Amino acid sequence: QELLQTFCSIAPGQRSQVSFIVEKSANEAEIWFSYNGITVINNDIQMELYRISSMIQLVQLATGANWTPEQIHLLMPATTNTQACELLNKSEVSFSQFRSGISIPKILLQLPVKLDVIETLSRHYYDINANFVDTIRNLIAIYISHKDCKIEMIAKATEIPVRTLQRRLKQQGVCFNDLLNQAKFALAKNKLEHSYLAITDISLQLGYASPAHFTRAFKR
């Protein structure tokens, strides 16, 4: 968080025509790293893609190169140019917005810079013994947004063997699949309420074989 705030304070002094800001979101679980600037016109499209890519890479100094934002807002109108930008391909992109920015889970703000997200989550932010189930739930919420989450991934992040992880969850009266389904439901609900994605797209993003499988799981 200090890195982003420092960047926001320094950037306007570097002959930049835009101002950067870190602001709260309606969703309490995330913040927005955004910038205001002149309206994007023809030759500014590449510059906007460059800026937004640089903002993502700035956050990746803490999270590691595999992280991408769940949502991206762009000033520019919809264009095929974004398809060539690899950093944007895994995110939900909204065009013609009033400002450009990326969403960042609040849980990532305390990560130190230049450390891989897997090591950071287990060694520098979480106290595994303090609230075990909430810790696992938060980790799942991060992974499920960007990939097909497996218990092996969470075990690696917490440095707990899979069987030990399963046993400790059972001691708390839950299992991994329960937490995974809760996370999928919360993410699906958010996408259905706040995005224009089709159910087919949402079901694929969450790892379901078909919209029918997703619909049955959502009803459960």
Side-chain angles (χ1 to χ4, degrees), residues 27-30 56 59-60 62-72 86-93 102-111 115-128 130-195 197-220:
N27 179 355
E28 295 183 358
E30 65 183 16
I56 294 172
V59 179
Q60 288 176 342
T63 64
N66 290 327
W67 179 83
T68 53
E70 181 177 345
Q71 298 184 69
I72 297 175
E86 185 176 346
L87 285 175
L88 276 61
N89 288 341
K90 296 181 180 180
S91 304
E92 177 186 328
V93 182
I102 60 176
S103 64
I104 305 173
K106 284 185 178 179
I107 202 169
L108 300 182
L109 293 181
Q110 296 189 35
L111 298 182
L115 287 178
D116 182 80
V117 67
I118 300 300
E119 294 184 2
T120 302
L121 288 173
S122 59
R123 298 177 183 174
H124 297 278
Y125 181 76
Y126 290 109
D127 180 355
I128 297 299
N131 194 329
F132 184 72
V133 174
D134 282 348
T135 296
I136 302 304
R137 182 179 286 112
N138 289 334
L139 278 169
I140 291 173
I142 292 175
Y143 278 88
I144 201 65
S145 298
H146 308 293
K147 60 185 72 175
D148 186 16
C149 184
K150 305 288 187 182
I151 191 171
E152 289 80 9
M153 297 176 182
I154 304 303
K156 182 178 179 180
T158 57
E159 297 182 349
I160 297 175
V162 171
R163 290 186 179 180
T164 302
L165 177 57
Q166 291 171 327
R167 185 178 68 253
R168 293 189 62 177
L169 288 174
K170 185 177 181 180
Q171 290 171 348
Q172 298 296 320
V174 297
C175 68
F176 179 78
N177 282 340
D178 290 338
L179 299 181
L180 180 62
N181 287 330
Q182 290 168 15
K184 284 186 175 182
F185 174 77
L187 182 58
K189 184 172 181 288
N190 181 269
K191 288 180 179 293
L192 289 169
E193 288 180 337
H194 303 295
S195 78
L197 291 175
I199 290 180
T200 300
D201 296 327
I202 295 175
S203 64
L204 289 174
Q205 287 184 7
L206 292 177
Y208 291 97
S210 70
H213 284 83
F214 165 72
T215 300
R216 285 195 294 270
F218 191 84
K219 286 181 177 178
R220 287 198 302 271

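Count residues from 1 along the sequence. Being a predicted model, the structure only gives us computed values, none of them experimental.
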Task: Pairs satisfying side chain to side chain donor-acceptor pair (under 3.5 Å), at least one member in residues 170-180, at least two apart - done: none
Open item on the list: Is there a side-chain contact between Leu197 and Leu192 in this structure, where contact means two heavy atoms from C-beta onward sitting under 4.5 Å apart?
Closed with: no
Task: Residues Glu30, Ile104; criterion side-chain contact (heavy atoms from CB on, under 4.5 Å); working and verdict - done: CA-CA 5 Å; Glu30 65 183 16; Ile104 305 173; over 6 Å; no
- [ ] Side-chain contact test, heavy atoms from C-beta onward, threshold under 4.5 Å: evaluate it for Pro211 versus Thr200 and give yes or no.
- [x] yes
Open item on the list: Once salt bridge (Lys or Arg N to Asp or Glu O under 4.0 Å) is applied, do any residues pair with Glu28, and if so which ones, sequence neighbours excluded?
Closed with: none
Open item on the list: If you define the side chain from C-beta out and look only at heavy atoms, does anything of Ile160 sit under 4.5 Å from Arg168?
Closed with: yes
Task: pair Leu108-Trp67: side-chain heavy atoms closer than 4.5 Å - done: yes
TODO: Can you measure from CG (Leu165) to CD1 (Ile151) and round to the nearest 0.5 angstrom?
DONE: 4.5 Å
- [ ] Among residues two or more places apart or on two chains, list those pairs meeting ring pair (Phe, Tyr, Trp, His ring centres under 6.0 Å) that have a residue in residues 160-193.
- [x] Phe185-Phe218
Task: Cationic N near anionic O, under 4.0 Å, Lys189 to Glu193 - done: yes
TODO: Kindly indicate whether the side chain of Leu179, heavy atoms from C-beta on, has any atom under 4.5 Å from the side chain of Gln182.
DONE: yes
Open item on the list: Could you tell me if the side chain of Thr164 sits less than 4.5 Å from the side chain of Arg167, heavy atoms only?
Closed with: yes
- [ ] Apply side-chain contact (heavy atoms from CB on, under 4.5 Å) to Cys175 and Leu169, showing your working.
- [x] CA-CA 6 Å; Cys175 68; Leu169 288 174; 5.7 Å; no
Task: Any donor-acceptor pair under 3.5 Å from Ser203 side chain to Phe214 backbone - done: no
TODO: Might you point out which heavy atoms bring Thr68 and Ser91 nearest each other, and give the distance in Å?
DONE: CB-OG, 4.0 Å
Open item on the list: I need the minimum non-hydrogen distance between Cys149 and Leu180, along with the two atoms involved.
Closed with: CB-CD1, 4.0 Å
Task: Met153/Leu139 under side-chain contact (heavy atoms from CB on, under 4.5 Å): CA gap, chis, key distance, verdict - done: CA-CA 9 Å; Met153 297 176 182; Leu139 278 169; over 6 Å; no
Task: Test item: Glu70 and Asn190 side chains (from C-beta on) under 4.5 Å apart, heavy atoms - done: yes
- [ ] Give a yes or no answer on whether the side chain of Ser103 reaches the backbone of Gln71 with a donor-acceptor pair at less than 3.5 Å.
- [x] yes
TODO: Measure the shortest side-chain to side-chain distance between Glu92 and Ile72 over non-hydrogen atoms and say whether it is less than 4.5 angstrom.
DONE: no
